[in-house]
2 protein chains.
Amino acid sequence: MEEILPHLDSVFSIDCVLFGFDGKELKILLIERNEEPFKDWWALPGNIVGADESLDQSAARILYELTGLRGIYMEQYYAFGDPNRHPQGRVITLAYYALIRLGGDKEPRPISTYAKRANWMPITDLPKLAFDHQKIYDKGLEKIKRRIKHQPIAFELLPEKFTLTQLQHVYELILGKKLDKRNFRKKIVSFGVLKELDEKQKGVSYRAATLYRFDKRKYAKLFGKEISF
Amino acid sequence: MEEILPHLDSVFSIDCVLFGFDGKELKILLIERNEEPFKDWWALPGNIVGADESLDQSAARILYELTGLRGIYMEQYYAFGDPNRHPQGRVITLAYYALIRLGGDKEPRPISTYAKRANWMPITDLPKLAFDHQKIYDKGLEKIKRRIKHQPIAFELLPEKFTLTQLQHVYELILGKKLDKRNFRKKIVSFGVLKELDEKQKGVSYRAATLYRFDKRKYAKLFGKEISF
DNA sequence: ATATAGTGTGTAATTTTTACACTAAGTAAT
DNA sequence: ATTACTTAGTGTAAAAATTACACACTATAT
């Protein structure tokens with residue numbers, strides 16, 4: 001039930017927690033603000049929703065402007081609207097998270113005026129964040145923790161071909177705990193959504209691991225059943 | 001990252017899916033619109049967010065205005081903002097669901113100008129809804145389906161003292177499937193968050209069932225472990 | 001040849017889940 | 001008081017899923 005009240009004074013924005021994985025660490029993309037309030041603080045990238053954009057499009061645009069990437073997995077997860085979350089007035093913000101494979105060309109590009117620079121920061125060592133962005137980040141991490149147990153989102157953080165050890169590593173980083181290697185493999189393989197390739201890992205100075213690929217077709221077929229970790 | 005752009009033309013509202021349970025059926029509260037667009041259509045109750053309200057407060061206010069109830073369990077779950085979801089312009093709406101025990105004094109009260117009346121409608125027999133409210137409702141049901149498996153929200157729909165059969169009934173309605181009586185009882189009791197009372201059900205023309213109460217203190221103690229259904 | 005570092009594999013014990021049917025207790029009608 | 005009716009309340013065995021746990025293999029580097 002909505003009425004049109006054209007003189008409403010609330011401002012509506014989108015903020016994004018961009019999770020990136022480089023094979024080693026889980027990171028998020030932060031920008032250093034160039035304007036008051038919170039000038040020189042680190043903050044989540046965000047922006048105002050354009051008049052003709054859907055919310056998802058708007059989030060995708062923010063991501064594109066920062067990284068040059070398209071087609072990235074993004075998900076809306078919560079709205080933050082405390083009347084005093086922003087020192088200069090009511091700003092309602094909608095939070096999205098994204099999952100990105102780093103390494104290669106995924107570096108943040110030079111960006112708009114309100115930020116000096118953007119940086120991928122390991123989640124184990126984040127700076128103080130502007131506004132209520134710590135809260136927004138916390139809730140985002142919580143969401144992907146929950147989601148990775150039921151949906152095949154871990155693959156979004158990995159290259160197309162990956163080893164089981166890499167996959168386990170992603171799970172461990174997001175869940176924040178060690179997993180048993182044998183049990184992990186047994187289970188993940190039993191879902192039947194991984195395709196074992198003939199290829200092996202390259203460039204390592206030890207026995208090379210077998211590469212796998214996530215099989216979207218098989219997953220779609222089995223979709224009724226959710227994955228459960 | 002938000003800037004203050006005071007001349008933004010998006011309108012921000014909240015829509016609520018109020019789930020009610022009367023001991024028999026699961027219902028939602030719908031209002032019949034008295035204004036264009038969608039005059040005479042049924043719609044979810046909603047309103048504009050007040051300038052000084054938090055989002056949760058705003059949702060609670062909408063609920064209070066319709067039902068006279070306070071202290072009801074409500075949860076924000078998704079924002080809908082398609083540029084053309086509203087025929088007269090961009091309206092971003094934030095969806096909440098609420099869980100309410102019906103029977104007694106929970107009747108909707110006479111309501112504001114934009115609605116003729118409000119009605120509790122069984123979810124098995126809903127009318128066509130205005131705007132994209134069917135989509136909003138669908139996603140809300142999906143959310144509580146998921147949540148009831150891990151959080152003790154079923155109790156919000158039941159009176160303080162309830163029988164195990166009633167509790168099972170709530171689970172069955174929300175999950176949309178029959179459950180095995182013995183297995184259900186075994187499991188729900190094993191969580192250790194129900195307190196068996198000395199009282200029995202009254203006013204039934206057959207063997208009266210034992211009454212139980214949800215033990216919030218015990219639940220809080222065990223909280224690390226989530227319930228899992 | 002040897003050291004090194006990560007890969008890849010199986011099993012037994014435990015726990016959890018599932019499927020399934022009858023007796024007990026209370027009320028209402030005669 | 002007998003009977004009919006309706007729901008409450010209970011146990012077990014089989015199957016499936018989860019957990020805990022250790023060593024031999026393979027590729028590379030020196």
What is the distance, rounded to the nearest whole Å, between atom [atom1] of [X] and atom [atom2] of [N]?
X: A:I188; N: D:dT18; atom1: CD1; atom2: C1'; answer: 15 Å
X: A:Y206; N: C:dG6; atom1: OH; atom2: C1'; answer: 6 Å
X: A:F184; N: D:dC21; atom1: CZ; atom2: C1'; answer: 18 Å
X: B:Q201; N: D:dT7; atom1: CD; atom2: C1'; answer: 9 Å
X: B:K202; N: C:dG26; atom1: NZ; atom2: P; answer: 14 Å

Below 4.5 Å, heavy atoms only, C-beta onward: do B:I100 and B:L63 meet side chain to side chain?
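Yes, at least one pair of side-chain atoms sits under 4.5 Å.
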Determine whether B:W42 and B:R117 make a side-chain contact, defined as any pair of heavy atoms from C-beta on separated by less than 4.5 Å.
yes
Can you work out whether A:S205 or A:Q166 has the more 5'-proximal nearest nucleotide on DNA chain C?
A:S205
Near B:K216 NZ, under 6.0 Å, is it more than 12 heavy atoms from other residues, nucleotides or ligands?
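Count not over threshold, so no.
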Is B:K143 salt-bridged to B:E75, cutoff N-O under 4.0 Å?
no
Salt bridge present between A:R61 and A:E65 (N-O < 4.0 angstrom)
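Salt bridge: yes.
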Test applied, side chain to side chain contact (heavy atoms under 4.5 Å, CB included); reference residue, B:I28; option that passes from B:L141, B:L126, B:N119:
B:L126
Sugar-phosphate means primed atoms, P, OP1 and OP2; the rest is base. With that split, encode nucleotides 8-18 of chain C 5' to 3' as B, S or - using protein heavy atoms under 4.0 Å.
BBBB-----SB
Of the options B:Y212, B:F214, B:F191, B:F21, which is the one that meets B:F155 in a ring-ring contact (aromatic ring centres under 6.0 Å, His included)?
B:F214
Which angle, rounded to 10°, do you find between the first-five-pair axis and the last-five-pair axis of the helix from C:dA1-D:dT30 to C:dT30-D:dA1?
10°
For the side chain of B:D215 and the backbone of B:K218, is there at least one donor-acceptor N/O pair under 3.5 Å apart?
yes
